[in-house]
Amino acid sequence: MCGRYVMARALGDLVADAGAVEPKESLELRESWNVAPTADVPIVLERTEGDQPVREIHVARWGLVPPWAKDVSVGSRTFNARSETVTEKPTFRAAVKARRCAVPVDGYYEWLKPGPGAPKSAKKRPFYIRPQDGRPIYFAGLYEWWKDGSLTEDDPGRWLLSCTILTGPSPEADSGDDTLDQLHGLHDRLPLPMDRETMDSWLEPQKLASAEAAGHLVDQVREQANGTASAWVLDEVGTAVGNVRNNGPELIEPIV
DNA sequence: CCAGACGTTGTT
DNA sequence: GTCTGG
DNA sequence: CCAGACGTTGTT
DNA sequence: GTCTGG
């Protein structure tokens, strides 16, 4: 799964790597080595301008807030969406048909739980997972718009953009690939990364936003995920990342 | 009909 | 134990 | 995801 | 908004 990650890349690098247009307004983006749910994060989306798709970077709150929510608090538990059920769940099914995005990360954290035979004193051990080549990972994601209901004379209400990251099953054991085997041992869920071709399909705004078409795209994402994940590297890191108030490049330094 | 949920993870 | 906040 | 709180009344 | 449970 993915509940904490790193996005410390300069916006210009991200724009170039994602093939997005230069943002018209400056985005409120800060580098972070400890991105947690509810944080503002960059996302990549395509919208149709005239009849041309335009790829853009936007800033969204991590944790999808559906349009009918009474407040944003639901977003603190919707930072992941299970790919197996995303087309059915009331919270996600509208977004998966029409509001797909990519969530770029430099790498993400995963906590290894002590096994059942471990001593009582054993603690969770954080690992940092990143691509070998240093380019961003683009996780399959969804975005949604939510209108703040607090209407006053001066404030007609604001629109909040929010997002979530899709997960799938982790690679099977004994895959024959070292990295996939390590991912298997670390956790039973995997945030779903996209290769370039899949990302192009995923982001493309569909004319008929049917549930069936969305289901096929989700299947495609799940099927190619391990191919992308096999080019990752895992390193154990210090426990400081657990506290969201800690932030800095030292959080991703491998220990021992 | 209305009221209340709408989610993920992991653990037992 | 469970929920909220970051 | 983890860390940290988890409550009320009344008084300063 | 839409579905489920009562």
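Per chain, numbering begins at 1; letters A, B, ... match sequence-line order.
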Sub-4.5 Å side-chain heavy-atom contact between A:N80 and A:L166: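 Sidechains of A:L166 and A:N80: no contact.
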
Given [options], identify the nucleotide with an atom nearest to the side chain of [X].
X	options	value
A:P90	C:dG6, B:dT8, E:dG1	E:dG1
A:M1	B:dT8, B:dT9, C:dG6	B:dT9
A:R4	D:dC2, B:dT8, D:dA3	D:dC2

In this structure, is the centre-to-centre distance between the rings of A:Y5 and A:F139 below 6.0 Å?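 No, the ring of A:F139 stays outside the 6.0 Å limit from the ring of A:Y5, centre to centre.
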
Check: A:W33 ring centre within less than 6.0 Å of A:Y128 ring centre: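 Ring centroids of A:W33 and A:Y128 are no less than 6.0 Å from each other.
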
Ring of A:W111 versus six-membered ring of D:dC2: centres under 5.5 Å and planes under 30°?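 The ring of A:W111 is not stacked on D:dC2.
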
Could you tell me whether A:F79 contacts a base, only the sugar-phosphate backbone, or nothing, with contacts defined as non-hydrogen atoms closer than 4.0 Å?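 It contacts base atoms.
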
Under 4.0 Å, heavy atoms only, any strand: does A:N34 hit a base, just the sugar-phosphate, or nothing?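 Answer is nothing: A:N34 stays at 4.0 Å or more from every strand.
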
D:dG7 and C:dC3: how far apart are their P atoms, nearest whole angstrom?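 The answer is 12 Å between these two P atoms.
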
Is the backbone N or O of A:R4 less than 3.5 Å from a side-chain atom of A:W62, with the two atoms forming a donor-acceptor pair by type?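 No; zero donor-acceptor contacts below 3.5 Å.
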
Upstream residue (5' side of DNA chain B) when A:R82 and A:T91 are each assigned their closest nucleotide: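 The answer here is A:T91.
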
Give none if D:dG4 has no partner; otherwise give the nucleotide forming a Watson-Crick or G-U wobble pair with it, both distances under 3.5 Å.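 When the pairing criteria are applied, C:dC3 turns out to be the nucleotide that pairs with D:dG4.
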
